[in-house]
Structures are given as structure tokens and as C-alpha cells.
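Single-structure report; data block below.
Here is the naming used below: chain letters follow the sequence lines, and residue numbers restart at 1 for every chain.
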Amino acid sequence: MTVMTARFDSSLVKRARERDPEAFASLVRPRLERLRRTAQAILGHDADAGDALQDALTRAWQGLPGLRDPDDFDAWLSRILVNACRTALKRRSRIRLREIDLGPERPGGADPANPHVGPEAVLARLELEAAFDRLAADERAILVLHHLDGRPLEEIARILSIPVGTAKSRLYAARRSLERALRSQR
Amino acid sequence: MTLPDDDQVKAMLEARASQGPGDPLPEVILERVLAAGPAPASVPGWQRLGLTMAAGLIVAVGAGLFLSGRLAGPGQPAHTGPPQTSSPAAGASSVSPEPSRAGGPLQCDATMLRAEILDWQGAAGNRVGSIRATNVGPSSCMLAGMPEVQLLDAQGRVLIDSSDQLRPRASADAGDSPASVDPGASAMLQVDASNYCGPAPSQPVSVGLVLAGNAARLIAAPASGAGGLDGVPPCLGSVPAVISSSGWTAGH
């Protein structure tokens, strides 16, 4: 984010804190797609991702007067979204655990969206995704923030309210959990 | 198949994120949120914290006066010591759980759980562990919030204690809600520790979990097949030792 954008955002945050809906919309709109993709990647289900996004935006709009530092808006909003995803996953785990069966009905052909990708690669990706679905919410979140959003560790640490060293070790632990989940399903 | 590299993880997440959006579209969600209007004029969080602490103090003092008279009984002093804990050999203490709310599952007590350390690895100057707590009781129970965590030596002496640390806790956010654990099911927790500069401890180390709400300590022993625990985190300098945990999540 450039300095000019940061100053612009800071001014919008101040107006949004004073209950200006246009200012809030101007702040959130450029971030909507990224937020949606983050929720979709963590939850793996578009309806759940939509619910988490709505929950996060509602909390952000209602809780904005409590944000002390306008420059922290981006990390603050992402933190709320990650928490909304965590809540959605816990709610889902109480209903039932989703199992992805890669048994006899596994896809036998190439990915229709990427015809140049062979069936083995598609199968490998599906296996990896099934392993990812077995991870805890915090593990999913840190992998998504790092690998999908491409956020640096310092930013991830701010989003998760943890020291940078802890973010680094949690990222390492999440990768190990993913590898363990992948091995356990083979 | 070999283990995934960063590019494979990124490709999988890209493919996963590209699904959707479902209905409604994100822009419609934003319009809905704004149409619902803001919450009633609210007190900023840091002011609300002060009010909450003041109210909590009044309630706590009142409850303390009430309980000290009720529990101590004639001629018996009220217990004012630290929370009761079990020895590592005992594995779990027998403190009763808090009563459930509205007839729901009980909060998990240390006697209902068996905890194991699945791995304990060095990472970037830290030690990182995965802990699995399995409900060995006959009924479902709830695990709420983050437990306090302690790194213990072979004699059960506390080397690092999360309750000694003044720091923001991620699980204090509103998104953290209790996890229900059915009999035979398990919940997972990540623990990381760093910067132990004390005297060399007796090995192997273990991890103690003080469950939120019932002040009982559960000792997580290394799981069979997990290998030996890789000791304490290295001393990195004058900053305090740190140990922290994630919240509970469904086990796997």
C-alpha cells in the first residue's frame, strides 16, 4: 500500500468511524474480493464464505468506533474476517465433520477448467485440498494469509495479534500439519 | 507422491479461492450490511474494557465475600492458594468441572481428557508442538477459550508459564467460541515456546494445560511414536521466555 493510499484510507476510516456509510463502503469495496477469496480458501464452501464475509463486515461496521489506530484498519478487518471464519468452522464442526472421499469415485479425467493439467495433477491437488480440510482453523488461516494472500510475516503477525516469531513458528507448524494430514490419508 | 512444495500449496489455494462467489455477491453483502444501519451509539472498546473491569471487580468482590463465608464453613479458612494441580505422573487432576449452562454439555475437566503431544519440533528458534486432547469420558464436554500452557521439566517443575506473560490474547476476540468434544473424539491445540534461558532442565520436558474455567491442570505426554521431545527452546537473549497456544479446534 502506498503512502498516499494509506493517508486516504486513514481519512476514510475517521469518517467511517463517525458513521459515514459511503466512507465505509469506499474503504471496504477495494478489499471485498480479497476478503472473499480469503474466506473461500479457509472455508472451502461458498455459502459459508459468504456468511463469514457478511459476519465480518457487520462486526467491522458496528465495531469501527472501537478501532483506535486508523492505519491498522487493514489488519483489523482481516483479523475480524479470520475470526469469522474460525467461528464458521467451529459451528460446522459441531454439526458434522466434512469428509472428502477420494475413493472409487475420484475423477478420472483432466480438470475441465484447465485441460492442459493432467488427471494425476488434478488428483494430487484434490488430495492436498482434502488434507487442508483436515487442518485447524488457525492453521488454515496462516497458510492462506501467507501462500494465497502473499502477506509478509510482519503483517500476518499483526492480523493474528501474535509476535512475528510466533507467526513464523505457527506457519512452520501449519505446513507440518498439512504434510501429516496428507500422509495420513494415503 | 512427494510432500507438497510452496508452489503446490499456493496452486491448491488459488483453485480453492477461485470457486464462487456464491449468492449473494460480495457487493450485495456490503449493501445489506450498510442497509442494516450502524449499531446504537457504542462506547469504544478501550473505554468499554474499563467499565467491564470495574463491573467485574464489583461482582468478583461480592462473589468472593459470599463464597468465602459459604465454602469455608465454621472454623475453616477459605482456600486462598494457587489452583490445584496434578503431578505429571498422575496425568490429570480431579477438580470438578463447572456446571453447564442451560443443560448443555459440561465443561471438560482434566479427568475427562487424555492429552498427548503428537510432535515437538524446533522451528526458527522456537519449539512447536501439536497437542491432542481426547475425551475419554462417557459424555460430551465443552472446551472453551485458550488454556494457559506451561513447559514442564521431567519433575513437573514449571519452566515457562503463559500466565506469567502480559500480552494480548488472540482468543479473547469475539470469534472464539467453545468446542464440543464427543466421547472418543479429540480436539487439537498448537503450542509454541521460545527463549528459555534458565538452567538446563531434566528431560524429557512435557506440556501442562490449565483448562479455562476450572483451574485443573492436564499434562500432555509424548504420544507413542512421536519420538523424544526435542528439549527446550534455545536462549535468544534478554527478552522474556514465551509460551503460547492456539484455541481448541476439532481433532484429526
Side-chain angles (χ1 to χ4, degrees), chain A residues 19 21 24-25 28-29 32-33 36-37 40-41 44 46-47 49-50 53-54 57-59 61-63 65-66 68 79 83-84 86-87 89-90 93-94 97 124-125 127-129 132 134 136-139 143-144 147-148 160-163 165-166 168-170 172-173 176-179 181-182, chain B residues 1 3-4 6 8-24 26-27 29-30 32-34 36 38-39 42 44-46 48 118-119 121 123-130 167-170 173-180 188 190 192 194 242 244 246-247 249-250 252:
Chain A
R19 296 287 167 235
F24 183 73
V28 168
R29 225 172 249 125
L32 263 183
E33 179 57 14
R36 184 203 69 76
R37 281 168 55 85
Q40 177 74 37
D46 55 6
L53 181 60
Q54 178 162 329
L57 294 182
T58 302
R59 284 170 188 264
W61 178 223
Q62 296 186 346
R68 277 200 266 189
R79 187 182 312 138
N83 280 336
R86 194 186 285 151
T87 303
L89 273 177
K90 282 185 179 173
S93 73
R94 280 201 290 273
L97 286 173
R125 181 173 63 72
E127 281 186 334
L128 187 55
E129 188 169 358
F132 182 82
R134 296 164 72 94
D138 289 344
E139 295 170 329
L143 288 174
V144 167
H147 290 291
L148 179 69
L160 300 179
S161 298
I162 54 178
T166 306
K168 197 171 183 180
S169 57
R170 284 199 185 164
Y172 174 84
R176 280 193 54 82
S177 288
L178 181 62
E179 290 165 7
L182 192 58
Chain B
M1 177 180 157
L3 293 174
D6 283 359
Q8 288 170 307
V9 175
K10 183 177 181 184
M12 179 273 291
L13 291 174
E14 286 280 359
R16 191 174 163 97
S18 299
Q19 295 159 19
D23 184 31
E27 183 65 32
I29 291 173
L30 175 60
R32 277 186 191 171
V33 169
L34 290 172
S42 59
W46 66 90
R48 199 163 53 237
L118 298 185
D119 58 30
Q121 301 289 332
N126 291 35
R127 287 295 180 275
V128 180
S130 303
R167 59 189 161 72
R169 303 197 61 176
D173 289 323
D176 199 51
S177 55
S180 177
M188 295 287 294
Q190 297 290 329
D192 47 69
S194 63
V242 173
S244 64
S246 63
T249 55
H252 53 260

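For B:D192, the part lying near chain A is the side chain, with the backbone staying farther off; criterion is any non-hydrogen pair under 4.5 Å. The parts of B:E14 that come within reach of chain A are both its backbone and its side chain, each placing non-hydrogen atoms under 4.5 angstrom from that chain.
The distance from atom CE of B:M188 to atom CZ of A:R134, rounded to the nearest 0.5 Å, is 11.0 Å. Atom CE of B:M12 and atom CG of A:L143 lie 7.5 Å apart (nearest 0.5 Å). Between A:K168 atom NZ and B:S194 atom OG the span is 12.0 Å, to the nearest 0.5 Å. Taken from CG in B:L118 to CZ in A:R176, the straight-line distance is 10.5 Å, to the nearest 0.5 Å. Note that OG of B:S18 is 9.0 Å distant from CD of A:Q40, once rounded to the nearest 0.5 Å.
Of all heavy-atom pairs between A:Q54 and B:V33, the closest is O-CG2, 4.0 Å. Listed here is the closest heavy atom pair of B:A11 and A:R125: O-CD, 4.3 Å. Nearest heavy atom pair, residue B:V128 against residue A:S169, reads CG2-CB, 3.5 Å. Between B:P26 and A:L53, the shortest heavy-atom contact is CB-CD2, 3.8 Å. Heavy atoms only, all atoms of each residue included: B:Q19 and A:G44 are closest at OE1-O, 4.5 Å.
Between A:P163 and B:V242, the closest side-chain pair of non-hydrogen atoms is not below 4.5 Å. Under the 4.5 Å side-chain criterion, counting only non-hydrogen atoms from C-beta, A:R37 is not in contact with B:R16.
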Evaluation steps, side chain to side chain contact (heavy atoms under 4.5 Å, CB included), between A:I162 and B:S244:
CA-CA 9 Å; A:I162 54 178; B:S244 64; over 6 Å; no
Residue pair A:F132, B:L13: steps toward the side chain to side chain contact (heavy atoms under 4.5 Å, CB included) verdict:
CA-CA 9 Å; A:F132 182 82; B:L13 291 174; 3.8 Å; yes
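A:A25 pairs by the side chain to side chain contact (heavy atoms under 4.5 Å, CB included) definition with A:R29, B:L30, B:L34, not counting sequence neighbours. Under the rule for a side chain to side chain contact (heavy atoms under 4.5 Å, CB included), the partners of A:D138 that lie at least two apart in sequence or sit in another chain are A:R86, B:S246.
Most heavy-atom pairs under 4.5 Å with chain B, from the set A:T166, A:V28, A:V144: that is A:T166.
For A:R36 (side chain) and B:A17 (main-chain N/O), a donor-acceptor pair under 3.5 Å exists by modelled atom type.
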